[in-house]
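Atom set for the values below is all heavy atoms of this structure, side chains included, hydrogens, waters and symmetry mates excluded.
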Amino acid sequence: MALSNSQYDSIIRRYQQQQLENKHEQDKRVEEIYARIPAVKELDQASTKAAVKAARQMLDGRKEALIRLREEMADLKEQKEILLKSAGYPADYMEMHYLCPDCHDTGYIDGKKCHCFRKAQMKLLYAQSNIEEVVRQENFRTFSFDFYDDEQIIPGLGKTARQHMGQVVELCQRFIHRFGQEKGNILFTGSTGVGKTFLTNCIARELMDQYYSVIYLSSNDLFDVFSKSKFGSWDDDMQDMYNYVLECDLLIIDDLGTELNNSFTSSQLFYCINERLLRKKGTIISTNLSFNVLRDSYTDRVASRIISHYETVPLYGDDIRIKKRQNCYD
């Protein structure tokens, strides 16, 4: 589900509006030329009369009428272009002009989406994601292993934080590669500043560039959507966002556990996770909580779904944000 029906319709409406604007601008140019060069109007009228005359002749069975019409129309067109050029206008000044000459502002070429449609689609998906600006800075091209220690072996892991992060990045790349066939789920765990959000942004950027729909929400924002949908005013925007949360190709829930936890948030988290599993949609959750605390906070039902259907990926290391600030003063 790269686009919802309402999103698709909004893009098509833009094309329809552009077509109307194209026609309006063409009409203005035609009126301008008719006023400045009356002979051009006479040539257009002659073209119309020639077409009507040829049509009548062809109905009478005179097949040669079409050949004569083509010759006459070519001659009238040449005269028209000469008049336009002599007045300082380009030869196609009176023709329809398009923003996209390839699809003529329809969005499609031979039944397939034009490159301009895909560009509009990507722009809409980025705007919808809530992280349009962030992923310009946080992506695999800007990711650096330099912030992860490569000397100290992590007890119980048998490798350094940098070595482990190399494996995590490979896991993320596999997640992206398989996303078209299998929309998987990831639970990123770890302390503050070890790169959980950065990695989710890296994945989001790659998938959005492949025209998948991605929604990023902090846990507070996620439960705010569910709360307003249940207790607040149910307007069109809220209904759209509620549907996006359940239907988007990838939902990112960031900083789970930072919200005010209660029976409502627990039940809604289970509903969200379970519903997206049933719809075969991908979800990434990041949290500072250990799995045991996560289970105690959100019930065994939530923990069971995560254990069964999510790949749990712990991250290790020091707070990268502190390291970055220190580098600024070094």
Side-chain angles (χ1 to χ4, degrees), residues 126 129-210 212 214 216-219 249-258 282-295 297 303 306-330:
Y126 264 74
S129 70
N130 294 331
I131 49 173
E132 180 177 7
E133 294 301 321
V134 174
V135 295
R136 298 182 194 276
Q137 305 297 326
E138 298 187 3
N139 52 70
F140 283 122
R141 287 176 287 279
T142 61
F143 180 87
S144 175
F145 290 100
D146 294 341
F147 294 106
Y148 296 91
D149 178 74
D150 199 28
E151 296 181 359
Q152 184 176 356
I153 300 297
I154 299 173
L157 192 63
K159 61 191 70 168
T160 66
R162 186 177 301 182
Q163 290 169 338
H164 175 67
M165 186 54 66
Q167 293 181 328
V168 171
V169 169
E170 290 178 2
L171 180 148
C172 293
Q173 296 286 7
R174 290 196 300 272
F175 178 89
I176 295 165
H177 180 71
R178 296 172 182 169
F179 200 78
Q181 294 75 42
E182 178 187 355
K183 293 178 174 59
N185 307 286
I186 297 175
L187 172 69
F188 285 120
T189 65
S191 57
T192 301
V194 292
K196 301 185 298 295
T197 301
F198 198 109
L199 278 177
T200 61
N201 291 339
C202 291
I203 294 172
R205 169 67 182 266
E206 295 295 317
L207 292 179
M208 286 190 289
D209 284 351
Q210 296 177 42
Y212 290 108
V214 177
Y216 168 94
L217 291 171
S218 68
S219 62
D249 295 314
L250 177 67
L251 172 65
I252 297 171
I253 306 173
D254 196 26
D255 274 341
L256 183 65
T258 57
T283 305
I284 295 178
I285 300 174
S286 72
T287 181
N288 296 344
L289 305 179
S290 68
F291 189 82
N292 288 337
V293 174
L294 199 66
R295 180 192 57 207
S297 300
I306 292 176
I307 290 175
S308 302
H309 300 282
Y310 282 62
E311 185 154 12
T312 301
V313 182
L315 301 185
Y316 303 94
D318 300 320
D319 193 326
I320 295 173
R321 284 169 285 194
I322 293 177
K323 289 187 175 182
K324 287 182 176 180
R325 286 196 293 269
Q326 289 173 342
N327 289 345
C328 291
Y329 295 105
D330 289 343

How are the rings of Phe145 and Phe143 set to each other: parallel, tilted or perpendicular (split at 30° and 60°)?
-> perpendicular

Polar side-chain atom of [X] near backbone of [Y] as donor-acceptor pair, under 3.5 Å:
| X | Y | answer |
| --- | --- | --- |
| Thr287 | Leu256 | yes |
| Asn185 | His309 | yes |
| Thr142 | Gln137 | yes |
| Tyr212 | Glu206 | no |
| His164 | Pro314 | yes |

Residue list, side-chain contact (heavy atoms from CB on, under 4.5 Å) with Glu311, at least two apart or on another chain = Leu171, Val313

Can you name the side-chain contact (heavy atoms from CB on, under 4.5 Å) partners of Asn288, sequence neighbours left out?
-> Thr192, Lys196, Asp255

Do Ser286 and Asp254 get their side chains close enough for a donor-acceptor pair, meaning under 3.5 Å?
-> yes

Hey, what do you get for CD (Glu151) to CZ (Arg162), rounding to the nearest 0.5 Å?
-> 8.5 Å

Return the set of residues passing side-chain hydrogen bond (donor to acceptor under 3.5 Å, both in side chains) with Asn201 (not counting sequence neighbours), or none when no residue passes.
-> Glu138

Flag side-chain contact, heavy atom, 4.5 Å: Cys172 against Phe188 | yes

